[in-house]
Every structure is written in structure tokens, then in C-alpha cells.
2 protein chains.
Amino acid sequence: MSSSPGRSAKRATILDVAAAAGVSRQTVTRAMNDMTGIRQDTRERVQQLAREMGYTPSRYAKGLVQGARTAIGLAIPDLTNPYFPAFASSVVEMATLRGWNVVVDDFGHGSGSSLDAVKRLSPQVDAVIGYLGPSADKAQALLGQRPVVVLDEPAGLTAGGISFDYSFAAGLALERLGAIGSTRLAYLDAGPATLLSARGAAVSRAAADLGIELTVVHSRDSAEGARDAVGSLVAEYPAVDGLLTFNDLMAAGALKGLAASGRSVPRDCAVIGMDGIPLGLLITPELTTLSLDLRDVGRAAVDLLDGLLTGALPPYGAGSHLTLRHELAIRGSA
Amino acid sequence: MSSSPGRSAKRATILDVAAAAGVSRQTVTRAMNDMTGIRQDTRERVQQLAREMGYTPSRYAKGLVQGARTAIGLAIPDLTNPYFPAFASSVVEMATLRGWNVVVDDFGHGSGSSLDAVKRLSPQVDAVIGYLGPSADKAQALLGQRPVVVLDEPAGLTAGGISFDYSFAAGLALERLGAIGSTRLAYLDAGPATLLSARGAAVSRAAADLGIELTVVHSRDSAEGARDAVGSLVAEYPAVDGLLTFNDLMAAGALKGLAASGRSVPRDCAVIGMDGIPLGLLITPELTTLSLDLRDVGRAAVDLLDGLLTGALPPYGAGSHLTLRHELAIRGSA
DNA sequence: AACAAGTTCGTGAACGTTCACGAAGTATTT
DNA sequence: AAATACTTCGTGAACGTTCACGAACTTGTT
């Protein structure tokens, strides 16, 4: 059926090219890899022939004999949320510095869970860094001995991990809101209303400890979701004068929601985001946020993985888990 | 020197595990891959042993015998510019649908050129999609027979390509600016002042054709660069009342620059961006832009690559190059 | 013309795994 | 107790490449 010329069947191998050129394997190797010890005209003839036959050396055979280049997998929930590319960018940079390749899998297209991502990644990589969520332990099991660095989950489930001190962050935010006189506070969490995120839990606890009234509302993890949720929030709870959000993207949406409801930020209602992505500096007002240096996070993840891969760091041991702290970046919104 | 226990030296192979367990290769294979035909207790014993010895099957050997999974490389100038993750997200999604893996390389860390990225990618992938710029032909040479889909470059240099009809886009933008009464126009290009980008050339030509006055200024391809450049622009050319930018990120910066200079958008000066990234909806005013459906771009790139890989599409032939058109998304800024 | 030195090329082995098949052992039936 | 069926395991071959080494050919020197 296919009218494509002499295709399919099987890929051409080095032996096919050698036979066609009337030379040996080794000569073809020399021609393809620009090695020495081959006459110029044969080199060109072989290269030409290889091109015509559509020959490409098998990276598997090559890797087998030459020893492995290390490749790591990066499992990301949603490249559409600007937090993750910022993180990914830093991981890719640090990995490239070490000569590693990075295979990226984005499991946010409704196409599945982090576990599916790890399954797809598994045959191609020596290790994984990712936001794997609660199924991190299953991912580790899937990868066997290969190290995994999980972000934003409790220690111990995987070989390595990085988490964040949300109690600390929540304290900073509540302190700031108190300082500027906000007393009727709300927190906008990501995810279904039935489930409180780790960030949400920390904020609730911190508020309770300080005896501060806090309304918790929920929306999808997106700017649009946040905008709509904030619209409902101010309708039901008009007195709200301080808002903390799950992340910066939702804070941006919240800003739009507040504007649509005729509230001025920060005069009527202060807003604090979380994570400190560059987007925060482009919106109006500029976003006050609990900031994280994403380059540091990426660097820390890759450093950890490096230690795990070389064996310098004990898996599951001390030093293989890191806790980072946000700092408060005060800008226009609170 | 290293005090890590029994590490380094060489990776454990399947034979090491087999010897340690007193069984054969094949039995280890059966244990590791959860295959049938093995007793439960030997399976567990082997798995346990493998874990202790730090054994991980070589993906090269596995790939060699099982036949290749296809992996594609994605070469991106700068993951920090929100345009590229939006594009990357779509490529990753489409590739995942086909069961491909995606190796991402970001060459924007000052660490080098697109050619370096392709060099790093080459040993790991079967094909490349990327914004390779003018050195696309060299990249193709590097990859030999393997297909390359280049974005935003003229046809013919590589096996496949996708470009954009900037004349058409420029026409749309100038028409809109005319319709809302802007007559003293400026265009903010990315890159050094000595070089006019393809986008810039198209805008200049369109303006000349229409007999419209157009001032061209330059800045780095970043929001900050654009903000500063627009500050200088309004200082030197106070009458400017319409601004077109290289892309949306720079438009966002321009908006900040105009605000800092006390100009109201769109009243004092209208602004039109390019590419239609989601960010445009989060800033104030919402950005009028020459919009591209980035999911379409990613889909088109992967479709093209698929055709080239299977041989359904002739390399360098008709149908292996696509030209897409922007459409005008009218929002608040113009 | 003979020898040395350099250039060009080819052959066996190895990389680590899975596949196809056959051998041995164990349970089930007659 | 023998025959059968099933379970568990092992062995040769193959995947496609590069490395180490040696053979053949070419050129230069005495």
C-alpha cells in the first residue's frame, strides 16, 4: 500500500552500508565518526552512501559499547504553569553543565498521573527528578535502585527529596498581613474542596496558632480558576481584606478577580502569592510573594541527584533530604 | 579514598546478579521484568539481591535487543521566555501521544548556541525539533539522515520546517493601529541594533508599503530590556502613539515602561504584541496581540516529524514545510 | 632492490540484554 | 507405576556498534 520508496522493513545497519560500499564495518565507523586512518575519497564515498541508504548508527549499540551517557528524567505536572518551566530551566541548565541529558515528561494533559510519567521515563533514564506527589513511593519502586529526587513531599519515601518549610512561609505571610493591617483573611487553595494541600494545612495551622480568623476557599490550580473563585469569595465574604494564595499564578488570577469585583489592591484587599515566579513582576500591582530562588531549587535537586548517583550520598540517609525556606518579597500587592 | 561501600569500579551486570543468586541470566531477567515462568520465592530472592547490589538493567542493551523506542530532541533557546514552555508543552503532549520520549535542551544560559544543543542531543535522539536559527543547516548536517523540523526559518535548509507569515501578521497589526487612530508608530525589535529580525523586516516593509512612518528600536529579548528601551523611546520620541513589539514578553515589558513614563495604554499609546501567550491575559491592560495557537504549532511540528520519520513525507519536498498565520486577538491594549 | 616507515583497511572480541527453544523437575492423571 | 501436563529453569544466538590489534598496501630511503 505505502508508496514510499524502499522504506520500512528494517533500518539499515552498519553492515548494509559496508556491503554496499564494499568495505568493512570498521571503515564505515571511521567514516561516520570522522576518525583518522581512512582515505579521504573512501570517507566521502561511504558517507554519501550512508546518506542515500538512510543509515543512522544505533544509539543503543553505541551506548552499549562506549559506556553510558547519563540521562535523567524530569517529571512535571504542568508546563503551562510558569512555575514549572522556571524550575525545569534551572534543572536543564545544571544537568547540561554535568553533561547529562534531560528527558522531560509533562503529565498534566489529563493524560494521566505522575506514575504514568515515570513509567514512560523509566526505560530511558538513569534517575528521576520530579513533582511526583503522593505516589512518589510507587515511582521509586518502579525505578528500583535508580535514584529519585522528589520535590514537595515528606522525607523518606524516595532516595532523595526536597521540601519546603510551609509553616515558616505561612508565618512570614501572616506577619506581613498583620503589619499592614489586614485582619479578615482568606486563603485560596488549589485542588478539590475536600482536600487541603500541605500548603493549606500549614497556613491554617499558623493562623490558628496566632488566633487569626481565616477563610479557606478552593479552586483549580489556574489563573482562571482563581479569578472565578475570588469573585465568589468577595461576594460571600465582602469584608475580606487580605488574601493568601496557593501560588503566584493563582495570585495573578486573584488580582484579576478582585479588579473585576471593583476592589483595589492593596487598598481594599492585600494579596500575597507564593513561589516568586518572574510573572509576578509583570502584573499590576507587582505581586508581593513568598519567594523561592528557583535556580537554587534546581541546583539543589541536581546536586542531590549527583550525590546519589555517584554514591557520595547515602540513599534515604541524612543529607539526602533538604528543606528550603521561602522569603518574603514585598512588592505592590501587600 | 572513597569510603562508599563497594561502589564505583563498574556497574553490576545481570551476570553478577545471576552468579550471586546462583541462577542464570534468564531467571534474573524474569525476576526483574515480572515475567511468568519463575517461582515466587526465587523472584523475590533475586529482586532483593539485585536491590542490594545496586543492579539496574542497561537501557542500551535492552534497547538494542528489543528494538528502539523513538526519542526526539527539543532544542529551545530560552525556557524562561513563556513562549517556549507553551510550545514545548504542546510538543511533549503530542509526542507522548505517539509514545515518544522528548529530550529537552535549553541553550539560553549563555552556555552556547543551538548547534551545541544539537551536539548534546545527537547521541540520544532519532530526530530534532527546534528553534535553531540561522545555523539550522549545520544542525541538519550534524544529524545526517535524521529528520529535523526547524521553526521560524526559511524552507529548504532542513528536512522539515514551519515558518510564519510575518507580512500577513504585520498587515493585521498596522491595519488595527490605523483603525484606532494611531499614526506615529514604533516597532520594538529583539536583538542587537545592527540586525533586523525577520519579524522586524516584515513590519518595516509592510509599513513602507502602506506609506506609514515607523521608528524601529531594539532591546534584549526580555521584559526588562523592553521596559528600559521603551523608556528611552518615549523620551526621544514623545509623540509615539502606537507600538508593536517582537513578542508578547517584550510587550509586557513595554507596558511597564509606558506606565513608568506616565503614559496610559491604550489612550496615549496603543500596544500590540506577538504570539498570543497566556501571559497576555494576566497583565493590565490585557494584551492585544497577533495570536498563534501554540497547540497547533506543536501539533504541526510533531505531525511533520512523524511524516518524515515514517517516510510518508519526502524530506525537503513539498508538504514538508508549513507556513502558519497569526490572527489578531483584540483585547485591551490596542 | 631491499628495507623501513607510514597509511589504509579488515577481523575477532566485547558491551549487556532479551528471545526462542529445550531440559529438568514436579504435580496430576490413568 | 507409567504416562501426561505443567512449572521452573538454563543455553545458544542475536541485536549493532566500537576497540584492540594485525594484515596489506603505499611511499620514502639507503
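Below, read A as the first sequence line, B as the second, and so on, with proteins coming before strands; counting in each chain starts at 1.
Distance CG (D34(B)) to C1' (dT18(C)): 16 Å, rounded to an integer number of Å. Atom-to-atom, CZ of R59(A) to P of dT17(C) comes out at 18 Å; the value is rounded to the nearest Å. As a whole-Å value, the separation of R43(B) CZ from dT8(D) C1' is 11 Å. Between the CD1 atom of I38(A) and the C1' atom of dA24(D) there is a distance of 16 Å, given to the nearest Å. Rounded to an integer number of Å, the gap from CZ of R39(B) to P of dG10(D) is 10 Å. Between M35(B) atom CE and dT17(C) atom P there is a gap of 14 Å when expressed in whole angstrom units. Atom CG in N33(A) sits about 17 Å away from atom P in dG16(D), given to the nearest Å. In this structure, L15(B) places its CG atom 11 Å from P of dT18(C), rounding to the nearest Å.
With dG16(C), dT17(C), dC19(C) as the choices, the nucleotide that has an atom nearest any side-chain atom of L64(B) turns out to be dG16(C).
Note that OG of S135(B) and CD of E153(B) are 8.0 Å apart. Values are rounded to the nearest 0.5 Å. One distance of note links CG of D78(B) with CG of D221(B); it measures 7.0 Å at 0.5 Å rounding. Within the model, atoms CG of D116(A) and CG of L121(A) stand 11.5 Å from one another, a figure rounded to the nearest 0.5 Å. Here OG1 of T96(A) is found 5.0 Å from CG of D105(B). Values are rounded to the nearest 0.5 Å. Separating the CZ atom in F84(B) from the CG atom in L151(B) is a distance of 9.0 Å, to the nearest 0.5 Å. In this structure, CG in D306(B) is found 13.0 Å from CZ in R299(B), a value given to the nearest 0.5 Å.
Between Q48(B) and R51(B), the side chains place a donor N or O and an acceptor N or O closer than 3.5 Å (distance only, hydrogens not considered). In this structure, a donor-acceptor pair under 3.5 Å is absent between the side chains of R30(B) and T42(B).
By the neighbour-count criterion of 12 heavy atoms within 6.0 Å, atom CZ of R43(A) is densely surrounded, having more than that number from other residues, nucleotides or ligands.
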(message) For a salt bridge (charged side-chain N to carboxylate O under 4.0 Å, His left out) check, start with the C-alpha distance between D16(A) and R11(A), then their side-chain angles and the critical distance, and finish with the verdict.
(response) CA-CA 10 Å; D16(A) 300 328; R11(A) 266 178 42 157; over 6 Å; no
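OP1 or OP2 of dT17(D) lies within a sub-4.0 Å distance of a side-chain N or O belonging to Y55(A). Between T13(A) and dT17(D) there is a side-chain polar atom (N or O) within less than 4.0 angstrom of OP1 or OP2.
The rotation axes computed at either terminus of the helix from dA1(C)-dT30(D) to dT30(C)-dA1(D) lie 40° apart, taking five pairs at each end and rounding to 10 degrees.
Across all strands, T42(B) comes closer than 4.0 Å only to sugar-phosphate atoms, never to a base (heavy-atom distances).
Of the two residues near DNA chain D, V65(B) and D41(B), the one whose nearest nucleotide lies more 5' is D41(B).
Using a cutoff of 4.0 Å between basic side-chain nitrogens and carboxylate oxygens, R69(A) and D126(A) are not scored as salt-bridged.
At a threshold of 4.5 Å between non-hydrogen side-chain atoms, the residues L292(B) and V297(B) count as touching.
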Any protein N or O atoms within reach of nucleotides 22-28 of chain C? Criterion: under 3.5 Å, listing atom names and distances.
none

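Listed by residue number, G22(A), V23(A), S24(A), R25(A), Q26(A), T27(A), R30(A) are the residues of residues 22-31 of chain A with a heavy-atom contact under 4.0 Å to DNA chain C.
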